[in-house]
Amino acid sequence: MLLELRAVAVAYGKVSAVRDISLEVPDGRIVTIIGSNGAGKTTTLRAISGLTRVREGEIHFAGERIDNLAPDRIVARGIAHVPEGRRIFPDLTVEENLRTGAFLRREREAVQRDLEAVYDRFPLLLERRTQLAKTMSGGEQQMLAIGRALMTRPKLLLMDEPSMGLAPKIVEEIARIIGEINAQGVPVILVEQNAELALELADYAYVLETGSLALEGPADELHDNEHVRAAYLGI
Amino acid sequence: MIELLAQTGLNALYAASYTALVAVGLVLIFGVMGVINFAHGELFMLGAYAIVAVYADWNLPYLVAVAVGMTFVGIVGLGMERAFFRPLRDNPLGGLVASIGFLMILQALVSMGFGVRMEHVPPVTQDVIVITEKVRLPVFRLAVILAAVVLLASLWAFLKKTRFGWALRASAQDPEAAALQGISINQTARIAMFIGAALAGVAGALTAPLISVNPHMGHSVIVTAFIVIIVGGIGSLEGAVIVAVAYAFVHTFVTTFFDGVIADIVGLLLLLAVLIVKPTGLFGSADRA
């Protein structure tokens with residue numbers, strides 16, 4: 001198993017955010033976590049990438065325990081996190097944003113190749129490479145955030161609400177890109193409020209409700225599950 | 001009259017140079033660490049005392065003393081980061097209070113070591129460039145101005161062209177997102193604190209032969225630096241440099257044609273006016289204010 005959470009609990013002060021979360025991500029797959037606002041999806045991702053302290057439980061990645069390592073140490077092990085709201089660096093240029101993703105990498109030529117690969121994937125970013133990131137539209141910023149994460153050479157990609165606030169056409173484009181990245185061998189944890197999209201892309205799904213796991217199963221099975229249909233798919 | 005204006009302009013340029021060094025360091029520390037370093041004026045003071053010790057008392061060459069002062073104050077900055085800014089990272093107000101306490105400790109230590117009297121630093125050079133009969137530029141002042149320009153240009157190149165420079169700017173814009181790129185918060189904080197403190201130290205070391213060195217000399221410098229960074233927009237390095245120059249010109253001209261107290265009042269009125277018209281400062285953006 002590439003990533004494994006064992007009975008993880010996170011609290012903000014005395015307020016419990018998530019508890020008893022156990023989930024697994026096999027290599028090569030897309031796993032999604034769906035749930036409504038405030039269910040703890042973002043908190044779970046933040047715990048994995050070290051932005052939020054894990055209070056109980058363990059997180060194992062590629063055979064090693066990583067819970068409560070500093071975020072930069074976790075990136076170094078190969079987990080990239082595209083955060084909610086994209087969080088690009090507004091006053092850096094597009095290319096500078098992408099290069100920060102390669103901060104820990106010393107092999108110049110490989111970094112250059114990856115930069116070109118990102119530009120191939122997102123030709124728009126190449127056009128805008130000297131522009132300040134804050135001048136771009138939401139969809140372009142999402143592509144930049146994904147490109148920046150790819151520059152870390154991830155072994156696992158965490159994506160938090162990549163469809164948030166984007167027009168349907170752009171959402172389709174982002175979905176296609178996530179599928180493509182995964183097809184090239186990068187496993188993904190996708191957190192989404194857009195359950196339809198998430199279940200379509202993912203192999204396996206977890207449903208979070210008020211901080212704990214309510215349901216899990218292969219994505220196509222959950223798609224037909226009555227509770228999921230009623231609560232998240234609006235059918 | 002033109003000669004008086006020219007002479008005052010040269011004086012202003014000199015004042016701008018060390019003000020900019022102090023203010024830029026303060027902005028850098030705030031940008032990367034999110035904390036206001038109230039002890040920044042005392043770091044300036046320490047730089048000046050490094051000159052008193054190494055140059056005036058031990059008779060070592062002036063440039064050696066400047067290098068020692070800059071490095072020593074930079075290391076003091078690293079110590080501050082480790083001792084209280086890092087443990088208080090989630091508590092910016094705590095960091096500010098700790099730096100006020102540290103300011104008093106530094107003043108007390110220097111008073112114990114050197115006494116509270118003003119120290120006289122012998123002049124490094126008495127040469128003067130005579131432009132006209134009434135417009136004169138002491139060579140040492142010219143050297144201070146040039147040193148400030150070189151240091152600020154190097155800082156700019158470091159921030160724009162190097163890997164750690166990018167990391168610092170990224171950290172200043174979004175520390176969490178920077179951490180997600182593998183940029184260690186501890187590391188960027190150390191770099192910012194070393195550079196910021198060293199710039200204050202070198203400013204003190206450069207001006208020591210021209211001003212009265214005493215344990216409380218940091219006070220007026222820090223007030224000026226605060227006005228500059230608030231008017232410039234907290235978090236904007238470019239703003240700090242531009243406003244440092246503009247402020248030094250206004251202050252020096254008002255001092256020359258009226259007096260120093262009126263110049264201080266004018267400076268504070270400008271600060272008020274900017275805060276009323278544009279609360280984020282002239283070059284600041286809303287998310288940092």
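Numbers restart at 1 for each chain; the letters A, B, ... are given by sequence-line order, proteins then strands. What you see below is based on every heavy atom in this structure, not just the backbone, and it leaves out hydrogens, waters and symmetry mates.
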Using a 4.5 angstrom heavy-atom cutoff, name the option from B:A170, B:A167, B:A179, B:A178 with the most pairs to chain A.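 Ranked by contacts with chain A, first place is B:A170.
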Whether A:D27 and A:R29 form a salt bridge (side-chain N of Lys/Arg under 4.0 Å from carboxylate O of Asp/Glu) is what I want to check.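 No salt bridge links A:R29 with A:D27.
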A:N68 (side chain) donor-acceptor with A:V54 (main chain) under 3.5 angstrom: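 Pair found, side chain donor or acceptor close to backbone of A:V54.
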Counting only non-hydrogen atoms closer than 4.5 Å, does [X] touch chain B with its backbone (N, CA, C, O), its side chain (CB onward), both, or neither?
X: A:R46; answer: side chain
X: A:T152; answer: side chain
X: A:R73; answer: neither

Select, from A:S49, A:G101, A:A80, the one with the greatest count of heavy-atom pairs under 4.5 Å involving chain B.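 That would be A:G101.
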Looking at A:M151, A:R105, A:R106, which makes the most heavy-atom pairs under 4.5 Å with chain B?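 The option with the most such pairs is A:R106.
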Can the positive tip of B:R163 be found less than 6.0 Å from the middle of the six-membered ring of A:F103, inside 45° of the ring normal?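 Geometry flag: set, cation within 6.0 Å and 45°.
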Give a yes/no verdict on a cation-pi contact between A:R148 and A:F89, requiring under 6.0 Å between NZ or CZ and the six-membered ring centre and an angle within 45° of the axis.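 Pair A:R148/A:F89 counts as cation-pi.
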Derivation and outcome, side chain to side chain donor-acceptor pair (under 3.5 Å), residues A:H60 and A:E58: CA-CA 7 Å; A:H60 293 256; A:E58 297 177 4; 2.7 Å; yes
